[in-house]
Amino acid sequence: VQLQAFGGGLVQAGNSLKLSCVLSGTVVGINSMGWCRQAPGKQREMVATISRTGETNYADSVKGRFAISGPAAKKMVSLQMNSLKPEDTAVYYCTADTMRPPPMVGSDNFWGQGTQVTVSS
């Protein structure tokens, strides 16, 4: 299973950027997909997630500015980032939580290699 992310880059504060991610490989099914980020010297944090049923969840720091979309059930996820701020600068990682085949229980978590987003002031 691989997660390939697209769309990182350098933008000025106040502008927009869109990240996309595709999961390749065979999985039984997707529970959720999402994005995390890690800024220099900081811990990795969840940015947004979307479940296979379309339920979304956002970090407080991005609510109202970022929008995640799927369909996660089809192994695709995008993150539209608007009104970007310098503090959004980070490496963004695509994530996936996948089902295990029965009779196994639980789920597996996968991470992409990351894409750099830099917001200049």
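By convention here, the first residue in the shown sequence is residue 1.
In the displayed structure, Gln2 atom CD is contacted under 6.0 Å by at most 12 heavy atoms of other residues, nucleotides or ligands.
Closest of all the heavy-atom pairs between Val117 and Gly8 is CG2-CA, 4.2 Å. Listed here is the closest heavy atom pair of Leu3 and Cys94: CD1-O, 3.5 Å. Residues Met46 and Cys36 share a closest heavy-atom pair of CA-SG, 3.8 Å.
Expressed to the nearest 0.5 Å, how far CG of Leu17 lies from CD of Gln12 amounts to 13.0 Å. Cys21 SG to Tyr92 OH: the interatomic distance, rounded to the nearest 0.5 Å, is 14.5 Å. The line from CG of Leu79 to OG1 of Thr115 is 11.5 Å long, rounded to the nearest 0.5 Å. Separation of atoms CD (Glu55) and CD1 (Ile68) is listed at 12.0 Å; rounding is to 0.5 Å.
For the residue pair Asp97 / Ser32, no side-chain donor-acceptor distance below 3.5 Å is found, with atom types taken as modelled. For Thr89 and Glu87, the side-chain atoms include no donor-acceptor pair closer than 3.5 Å.
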How far apart are the C-alpha atoms of Ser78 and Gln80, what are their side-chain angles, what is the distance that settles it, and do they pass the side-chain hydrogen bond (donor to acceptor under 3.5 Å, both in side chains) test?
CA-CA 7 Å; Ser78 295; Gln80 178 66 44; over 6 Å; no

Please lay out, stage by stage, how Asp88 and Lys85 fare under the test salt bridge (charged side-chain N to carboxylate O under 4.0 Å, His left out).
CA-CA 5 Å; Asp88 293 318; Lys85 304 175 181 180; over 6 Å; no

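Not one N or O on the side chain of Lys75 forms a donor-acceptor pair closer than 3.5 Å with the backbone of Met33. Of the possible donor and acceptor atoms, one in the side chain of Arg100 sits under 3.5 Å from a partner among the backbone N and O of Val105.
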